[in-house]
Amino acid sequence: MAVRETVAFDLEKIDRLIEEEEAELEPKHRASLEYRKTAERHVAGGVASSWQDSPPHAIYVDRGQGNRLYDIDGNEYIDFHLGYGAMVVGHAHPKIVEAIEQAARRGTHFAQPTRDLDVIGENLADRFRLPLWRFCNSGTEATLEAVRLMRANTGRDMIVKIEGTYHGHHDSLMFSVAPDPEKIGPREHPVTLPQAMGLPQAFADLVRVVPFNDLGEARRAFEEREGEIAGMIVEPAMMNCGVIMPEPGYLQGLKDLCHEHGAYLAFDEVKTGATIAYGGAVEVFGVVPDIICLAKAIGGGTPCGAIGATEELFGPVVRGEYDMAGTFNGNPLTMAASRAALTEVLTKDAYEGFGVIDAKMKEGLRAVIETHDLPAYVTGVGAKGSVIYSETPVREYRDALGVDERITYLAWLFQQNRGVFKSPWSKQETWTLSVWHTEADAQRYIDNFAEFAAAVTS
Ligand SMILES: Cc1ncc(COP(=O)(O)O)c(C=O)c1O
């Protein structure tokens, strides 16, 4: 295979360009900067979630429509952030708005089951090939229940997770999400590092971290902790170091390994589910795990979550021995939006549409990378993709550490200054497509990227 000659990034030039782009951006966000001061008086940090505040500053949103987002300064953007990938239905989709309006008129909360349950359960069972489902309110809740289900069914406490993945902000899994390279320890025994203050060491002691895409290291973990591991949770394609695809055989290998050791495999499909294909990672990679965690896209933009599992795993719940509870589980607004999203918007045709735009994005971005000899490549599938600023393939978190964050920040600034809203740059976030995105939107992204590429290589 011919080796492509690339131009190394000049970080001094990148620093200069960052200064120029930040200076251009700041005056466009006067209202956001001002509003933050007001919000900060009684809201900690002036934002609702710490990850809504990323450099250069929090951007406050006024509204969204289809593929467009409008901030409180009145700037219009093509939205590729889409609420961290939740809004593949696009903003204010008429079918979702109608479903929520109708549900709201009939009462917004009962804490009793309603008659959307069977339709949604059946739809998820069809997409993800697991027979039983329960609902919750976020990805965090879905992975919390996944961990607990695996523990409940094995009587064991240890969980294996992948270095560099995020599964939500509960105490069982918020470890080694973006661990400090100085502290991560050897690859064969990564240190389980807390991602937030206040996480007890006792919880860290129950989490064994392993690198992605390495069956041998996963096997080592199971052999070293024989009989102690309840299960493993994995994002089937890693989505917060750009998009990292699983290597052929890896996911099936994990499932076999878990079962060999009397443990279970859970897929965290909070980001991949209902975005990368109709049947998410299960469809794309052809492996059905024991448990699937969903959230984001399945709720049509409402706070949502779902957990699917085998009948065996759900046995204790069905028999009433395990209380899988939540006041707002199955909330009628969420259920109505979810039903409309899954059955009327995110139909099989929608995924064909994502495929068309995805192909356009990839083709255009690859051409720019080649024209400018950038040490980068394009990856992704369906409604999710990203440019990874590395010459060699990134297979796991430690490979991604080689990418200087200033490059991804500058790429983000170039898009933001030119009318494209991307998710925060710091974790090499992916782009997300909605059913409203057009080839012209893809072209705008590509054109902005071409300006970035020309600027960094000129
Ligand atoms: C893979 C994955 N799992 C779980 C979560 C947590 O979801 P939530 O923010 O809805 O709690 C996220 C959030 O980004 C995620 O990306």
Side-chain angles (χ1 to χ4, degrees), residues 47-54 81-88 128 134-149 159 161-178 195-196 199 207 209 212 231-246 251 265-276 280-282 284-285 289 291-308 326 328-329 331 334 337-338 341 380-386 396-397 400 422-432:
V47 290
S49 156
S50 297
W51 293 342
Q52 290 170 6
D53 181 21
S54 59
H81 176 354
L82 291 168
Y84 273 127
M87 300 306 299
V88 279
F128 298 99
R134 270 285 179 93
F135 304 103
C136 51
N137 307 289
S138 65
T140 295
E141 291 181 24
T143 65
L144 178 156
E145 295 290 1
V147 166
R148 199 173 283 168
L149 260 191
I159 298 292
K161 91 169 272 288
I162 300 289
E163 190 165 54
T165 54
Y166 177 60
H167 299 293
H169 56 272
H170 58 85
D171 287 358
S172 289
L173 289 175
M174 206 180 179
F175 294 100
S176 300
V177 174
Q195 180 65 27
L199 289 172
V207 179
V209 176
F212 192 58
M232 173 161 185
I233 186 160
V234 62
E235 235 194 321
M238 276 179 74
M239 290 269 162
N240 62 349
C241 300
V243 176
I244 308 181
M245 303 295 262
L251 297 173
L265 179 67
F267 277 0
D268 178 346
E269 289 225 45
V270 166
K271 276 196 170 155
T272 54
T275 61
I276 66 171
V282 166
V284 174
F285 307 117
I291 300 181
I292 291 180
C293 306
L294 297 170
K296 297 195 194 264
I298 62 155
T302 56
C304 66
I307 174 161
F328 283 97
N329 289 7
N331 169 266
T334 301
S338 190
V381 54
K384 294 286 206 178
S386 70
E396 59 172 282
Y397 175 73
K422 286 211 324 169
S423 11
W425 52 275
S426 56
K427 297 198 203 83
Q428 300 202 44
E429 267 293 337
T430 53
W431 68 69
T432 304

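Starting from 1, each residue takes its place in the sequence as its number. Ligands are counted one by one from 1 in listed order, and the atoms in each one are counted from 1 as well. These values consider heavy atoms only, across backbone and side chains, with no hydrogens, waters or symmetry-generated copies.
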Could you tell me whether a side-chain N or O of [X] sits under 3.5 Å from a main-chain N or O of [Y], the two making a donor and an acceptor?
X: T275; Y: A383; result: no
X: E235; Y: Y166; result: no
X: N329; Y: F135; result: yes
X: K161; Y: S176; result: yes
X: T334; Y: P303; result: yes
X: H167; Y: L173; result: no

Counting heavy atoms not belonging to H169, are there more than 12 under 6.0 Å from its NE2?
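Not more than 12 within 6.0 Å, no.
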Among all protein heavy atoms in this structure, tell me which lies nearest to [atom], with the distance rounded to 0.1 Å.
atom: atom 2 (C) of ligand 1; answer: Y166 O, 3.2 Å
atom: atom 8 (P) of ligand 1; answer: G139 N, 3.5 Å
atom: atom 11 (O) of ligand 1; answer: T140 OG1, 2.5 Å

Between E235 and ligand 1, does any nitrogen or oxygen pair lie at a separation below 3.5 Å?
no
Does Y84 have a non-hydrogen atom less than 4.0 Å from ligand 1?
no
If we only consider heavy atoms of E141, is any one of them less than 4.0 Å away from an atom in ligand 1?
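It does not, in that no heavy atom of E141 comes within the 4.0 Å cut-off of ligand 1.
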Counting only heavy atoms closer than 4.0 Å, does ligand 1 sit against the backbone of D268, its side chain, both, or neither?
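Within the 4.0 Å criterion, D268 contacts ligand 1 through side-chain atoms alone.
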Atoms of ligand 1 less than 4.0 Å from [X] heavy atoms?
X: V270; result: 2 (C), 3 (N), 4 (C), 5 (C), 12 (C), 15 (C)
X: S138; result: 10 (O), 11 (O)
X: G168; result: 4 (C), 5 (C), 6 (C)

To which of K296, H167, K271 does the heavy atom nearest atom 4 (C) of ligand 1 belong?
H167
Can you tell me how far OG1 of T430 sits from NE2 of H81, rounded to the nearest 0.5 angstrom?
10.0 Å
